[in-house]
Novice: 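Attaching a single structure in structure tokens format; questions to follow.
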Amino acid sequence: MTDDRETELPLSYNQEFLCLFDQGNDAGPFGPRYNIVHASRVYGGIDVETLRLALDDLVVRHEVLRTTVVRDGEVKRQRIHAPSSPTLIVRDLADPGAESRDVAAERFVIDIDASGHSVTTLPHLHAYLGRFDDQEAVLALVVHHTATDGWSMQVLMRDLAVCYARRRGHEVAQEPASQYREFTTWQAENLADEFADEAREYWQDKLDGAGVLAVPTDHPRSAGLPKNTAIHRFLIPAEVGAAAVELSRAQRSSPFMVLLAAFNVLMRELTGAEDAVVPVITSGRPHDEFNDTVGPIFNFVPFRTDLSGATTFREVLAATRATCIEAYSYEIPFLQIAEQAPALMGPVMQDTAAAVAIQVVQFPTVLDREKVGDLEYTEIRRRLVSQPSGEDIPDGALFTLDIDPAGEFVGRLGFNTNIYDEATMVDLVARFERVLRRAVTEPDAPL
């Protein structure tokens with residue numbers, strides 16, 4: 001690791017957004033538990049020293065893992081530092097006994113979820129290896145969310161597998177990595193062209209008079225209760241998932257559109273609003289050239305759907321489909337969208353209300369029983385153990401659904417415990433499951 005250069009570059013819009021709330025010193029909502037954890041089961045004998053070298057290679061390969069935001073008064077820039085070695089913690093996992101190794105692996109990852117990693121520590125990458133025996137282990141990567149997103153974590157695990165295999169002498173192809181600085185440059189250029197002007201006009205018109213749906217909280221923020229992010233996990237059965245996929249095909253939609261339509265129905269039930277303005281977390285990757293780029297590229301987009309004329313779920317789906325096509329066609333960074341609609345976030349800034357956002361995970365680089373060199377990797381996706389403390393959510397709640405290849409929808413609802421009770425969140429999930437099941441089995445029934 002001989003690269004000792006330090007480079008300063010302009011911020012991306014996501015970095016600008018994070019700077020509005022965070023001072024880069026673990027204060028504010030994006031503190032030491034604002035992390036993303038990604039884990040795989042690994043089969044085959046892992047050489048720990050080779051793994052350390054492969055982690056070093058990963059830090060060299062992806063500049064964003066060693067990038068900080070420099071604040072000089074009003075001027076803020078991203079600084080790329082020289083590579084350094086990430087931490088690797090190795091643990092021997094006890095025989096799970098009555099529990100399966102699947103559950104033991106998940107509990108190992110939950111412990112990591114609840115840990116904190118300062119945004120000021122470089123590199124932003126941390127690794128944990130839990131070994132059941134010489135041939136089976138759990139490998140978990142943790143990166144602060146200001147340096148990555150869910151899509152990027154898939155890329156990091158894949159690249160680490162390749163780096164490890166190459167260190168072991170295997171001839172495994174690896175293309176040069178595209179850097180986050182390239183995305184930042186592209187974003188700045190793209191937002192200065194005619195399309196961006198058209199997109200800003202679209203959002204100004206689309207969000208005129210709109211406000212993100214505010215879901216009542218159990219406790220006011222002003223009560224000053226201790227803030228934590230708990231995670232309720234759940235599973236939507238394969239038969240419901242299969243019916244959702246089949247309905248999406250029949251309606252020339254996607255599974256995401258079906259799930260968002262069901263979420264719109266749920267939000268109408270909760271709030272009584274016919275004007276559904278739902279915050280959606282998107283990948284933020286508009287072109288294939290950034291599919292292998294690691295960095296905080298995700299976006300936060302308000303999807304506005306008029307439900308006033310919809311009397312059946314099929315009609316809700318049609319309206320939601322139109323909303324999705326428009327929103328993706330005109331997607332620009334959230335900061336740019338918010339500038340066109342100053343009142344957008346007003347409803348969720350109240351003392352007794354918050355936003356419930358949704359994201360549907362459809363990543364292209366999943367490692368599923370894939371052998372790379374000496375080792376076989378299987379991503380841990382079917383996580384079902386709820387936890388009182390996990391990866392932080394800045395405010396409100398986040399509803400996540402992972403479309404598993406087996407047909408099940410693996411879900412998690414993360415929520416701030418200072419404003420929401422667990423029982424309320426469990427009930428929210430149960431209501432969503434009922435809405436979705438009825439929607440995909442009886443799409444023409446009256447709502």
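Numbers for residues simply follow the sequence, beginning at 1.
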Novice: Using atom types as modelled and distance alone, determine if a side-chain donor or acceptor of Trp203 lies under 3.5 Å from a backbone N or O of Tyr330.
Specialist: yes
Novice: With sequence neighbours excluded, what pairs up with Glu239 under the side-chain contact (heavy atoms from CB on, under 4.5 Å) test?
Specialist: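 Partners of Glu239 by the side-chain contact (heavy atoms from CB on, under 4.5 Å) criterion, ordered by chain and then number, come out as Pro237, Arg437.
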Novice: Nearest 0.5 Å, please: how far is CD1 in Ile36 from NE2 in His38?
Specialist: 10.5 Å
Novice: With salt bridge (Lys or Arg N to Asp or Glu O under 4.0 Å) as the test, pick out the partner of Asp275 among Arg268, Lys206, Arg304.
Specialist: Arg304
Novice: Using side-chain heavy atoms (C-beta onward) and a distance below 4.5 Å, is Arg61 in contact with Val162?
Specialist: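 When only atoms from C-beta onward are counted, Val162 and Arg61 do not touch, as no gap falls below 4.5 Å.
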Novice: Could you tell me whether Arg431 atom CZ has more than 12 heavy atoms of other residues or ligands within 6.0 Å of it?
Specialist: yes
Novice: Please determine if Glu8 and Arg79 form a salt bridge, counting it only when a charged side-chain N lies under 4.0 Å from a carboxylate O.
Specialist: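 Arg79 and Glu8: salt-bridged.
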Novice: Rounded to the nearest 0.5 Å, how far apart are CD1 of Ile281 and OG1 of Thr400?
Specialist: 8.0 Å
Novice: Run the ring-centre check on Phe234 versus Phe432 and record whether the distance is less than 6.0 Å.
Specialist: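 So the answer is no for these two rings.
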Novice: Give a yes or no on whether the backbone of Thr120 and the side-chain of Ser118 come within a donor-acceptor separation of less than 3.5 Å.
Specialist: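 Between the backbone of Thr120 and the side chain of Ser118 there is a qualifying donor-acceptor contact (under 3.5 Å).
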Novice: Do other residues, nucleotides or ligands put more than 12 heavy atoms under 6.0 Å from Asp288 CG?
Specialist: no
Novice: List for me each residue that meets salt bridge (Lys or Arg N to Asp or Glu O under 4.0 Å) alongside Glu289, sequence neighbours excluded, and say none if there are none.
Specialist: none
Novice: Establish, yes or no, whether a centroid distance under 6.0 Å links the rings of Phe303 and Tyr328.
Specialist: yes
Novice: Tell me the side-chain hydrogen bond (donor to acceptor under 3.5 Å, both in side chains) pairs involving residues 348-358, sequence neighbours left out?
Specialist: Ser222-Asp351
Novice: For Arg252, enumerate each residue passing the salt bridge (Lys or Arg N to Asp or Glu O under 4.0 Å) test, keeping only those at least two apart in sequence or located in another chain.
Specialist: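 Residues passing salt bridge (Lys or Arg N to Asp or Glu O under 4.0 Å) with Arg252: none at all.
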Novice: Could you list the residues that satisfy side-chain contact (heavy atoms from CB on, under 4.5 Å) with Thr311, not counting sequence neighbours?
Specialist: Glu315
Novice: With heavy-atom distances below 4.5 Å as the criterion, would you say the side chains of Val277 and Leu344 are in contact?
Specialist: yes
Novice: Under 3.5 Å, side chain of Asn299 to main-chain N/O of Thr282, donor-acceptor pair present?
Specialist: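 No, because the side chain of Asn299 does not come within donor-acceptor range (under 3.5 Å) of the backbone of Thr282.
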Novice: Give me the atom names and distance for the closest heavy-atom approach of Glu63 to Thr67.
Specialist: O-OG1, 2.9 Å
Novice: Quick one: which residue pairs count as a side-chain hydrogen bond (donor to acceptor under 3.5 Å, both in side chains) with a foot in residues 417-428, not counting sequence neighbours?
Specialist: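 Residue pairs passing side-chain hydrogen bond (donor to acceptor under 3.5 Å, both in side chains), neighbours aside: Asp218-Thr424, His219-Asp421.
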Novice: Does Gln179 reach the side chain of Val64, with side-chain heavy atoms less than 4.5 Å apart?
Specialist: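 No, every pair of side-chain atoms sits at 4.5 Å or beyond.
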Novice: Answer with yes or no whether the side chains of Ser12 and Asn14 bring together a donor and an acceptor at under 3.5 Å.
Specialist: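 Per modelled atom types, Asn14 and Ser12 side chains form no pair under 3.5 Å.
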Novice: Which pair of heavy atoms, one from Leu160 and one from Leu58, lies closest together, and at what distance?
Specialist: N-CD1, 3.8 Å
Novice: Excluding sequence neighbours, so at least two apart, what forms side-chain hydrogen bond (donor to acceptor under 3.5 Å, both in side chains) with Asp113?
Specialist: Arg383, Gln387
Novice: Just verifying a value: how many Å separate Thr148 OG1 and Leu65 CG, rounded to the nearest 0.5 Å?
Specialist: 7.5 Å
Novice: Are a donor atom and an acceptor atom from the side chains of Thr293 and Glu182 found within less than 3.5 Å of each other?
Specialist: no
Novice: Measuring only between side-chain heavy atoms, which start at C-beta, is Val360 closer than 4.5 Å to Pro255?
Specialist: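 Val360 vs Pro255: side chains apart.
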Novice: Taking only residues two or more places apart in sequence, or in another chain, which ones meet Glu136 in a salt bridge (Lys or Arg N to Asp or Glu O under 4.0 Å)?
Specialist: Arg41, Arg101
Novice: Name all residues meeting the side-chain hydrogen bond (donor to acceptor under 3.5 Å, both in side chains) criterion together with Asp193; count only those two or more places apart in sequence or in a different chain, and write none if there are none.
Specialist: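 With sequence neighbours excluded, Asp193 shows a side-chain hydrogen bond (donor to acceptor under 3.5 Å, both in side chains) to no residue whatsoever.
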Novice: Just jot down the side-chain hydrogen bond (donor to acceptor under 3.5 Å, both in side chains) partners of Thr320, sequence neighbours excluded, or say none.
Specialist: Asn264
Novice: Would a distance-only check, ignoring hydrogens and angles, find a side-chain to backbone donor-acceptor pair under 3.5 Å from Gln340 to Gln336?
Specialist: yes
Novice: Contact between Pro296 and Tyr180 at the side-chain level, heavy atoms closer than 4.5 Å - yes or no?
Specialist: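 Side-chain contact under 4.5 Å: yes.
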Novice: Closer than 3.5 angstrom, by distance alone: can the side chain of Arg321 be matched with the main-chain N or O of Met257 as a donor-acceptor pair?
Specialist: no
Novice: Would you please classify the geometry between the Tyr128 ring and the His117 ring as parallel, tilted or perpendicular, with 30° and 60° separating the classes?
Specialist: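 Because their plane-to-plane angle is over 60°, the rings of His117 and Tyr128 count as perpendicular.
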Novice: Rounded to the nearest 0.5 Å, how far does CG of Asp444 lie from CZ of Arg314?
Specialist: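 Reported value, rounded in 0.5 Å steps: 4.0 Å.
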Novice: Looking at Lys227 and Arg221, would you say the former's side chain and the latter's main chain have a donor-acceptor pair under 3.5 Å?
Specialist: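 Not a single qualifying donor-acceptor pair exists.
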Novice: If we only count heavy atoms from C-beta on, is the His126 to Pro86 side-chain gap below 4.5 Å?
Specialist: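 In short, these two side chains do not touch, never coming nearer than 4.5 Å.
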Novice: Partners of Asn416 by side-chain hydrogen bond (donor to acceptor under 3.5 Å, both in side chains), sequence neighbours excluded?
Specialist: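 Asn416: side-chain hydrogen bond (donor to acceptor under 3.5 Å, both in side chains) contacts with Thr229.
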Novice: For the backbone of Tyr13 and the side chain of Gln187, can you confirm whether one donor and one acceptor N or O come within less than 3.5 Å of each other?
Specialist: yes
Novice: By the definition side chain to side chain contact (heavy atoms under 4.5 Å, CB included), identify the one residue from Leu436, Leu413, Leu260, Ile236 that meets it with Leu401.
Specialist: Ile236
Novice: Drop me the distance from Asp159's CG to Asp292's CG, to the nearest 0.5 angstrom.
Specialist: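 Here the interatomic distance stands at 7.0 Å.
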Novice: For Asp111, which residues count as a salt bridge (Lys or Arg N to Asp or Glu O under 4.0 Å) partner, sequence neighbours excluded?
Specialist: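 If we apply the salt bridge (Lys or Arg N to Asp or Glu O under 4.0 Å) test to Asp111, skipping adjacent residues, there are no hits.
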Novice: Has the side chain of Glu376 got a donor or acceptor atom that lies under 3.5 Å from a matching backbone atom of Glu370?
Specialist: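 No, the answer is negative, given that no donor and acceptor are paired below the 3.5 Å cut-off.
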Novice: So do Leu270 and Leu213 actually touch side chain to side chain, heavy atoms under 4.5 Å?
Specialist: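 With C-beta onward as the side chain, the pair stays apart.
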Novice: Find out whether Arg382 and Glu106 are in side-chain contact, i.e. whether some heavy atom of one side chain is under 4.5 Å from a heavy atom of the other.
Specialist: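 No, side chains not in contact.
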Novice: So, are Glu391 and Arg412 salt-bridged, with charged N and O less than 4.0 Å apart?
Specialist: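 Between Arg412 and Glu391 there is a salt bridge, with a charged N closer than 4.0 Å to a carboxylate O.
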Novice: Does the pair Phe298 and Gln359 meet the rule for a side-chain contact (heavy atoms from CB on, under 4.5 Å), with working shown?
Specialist: CA-CA 11 Å; Phe298 69 97; Gln359 67 175 346; over 6 Å; no
Novice: Check whether Thr184 reaches the backbone of Leu11 with its side chain - one donor and one acceptor, N or O, closer than 3.5 Å.
Specialist: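 Pair absent, no side-chain N/O of Thr184 close to backbone of Leu11.
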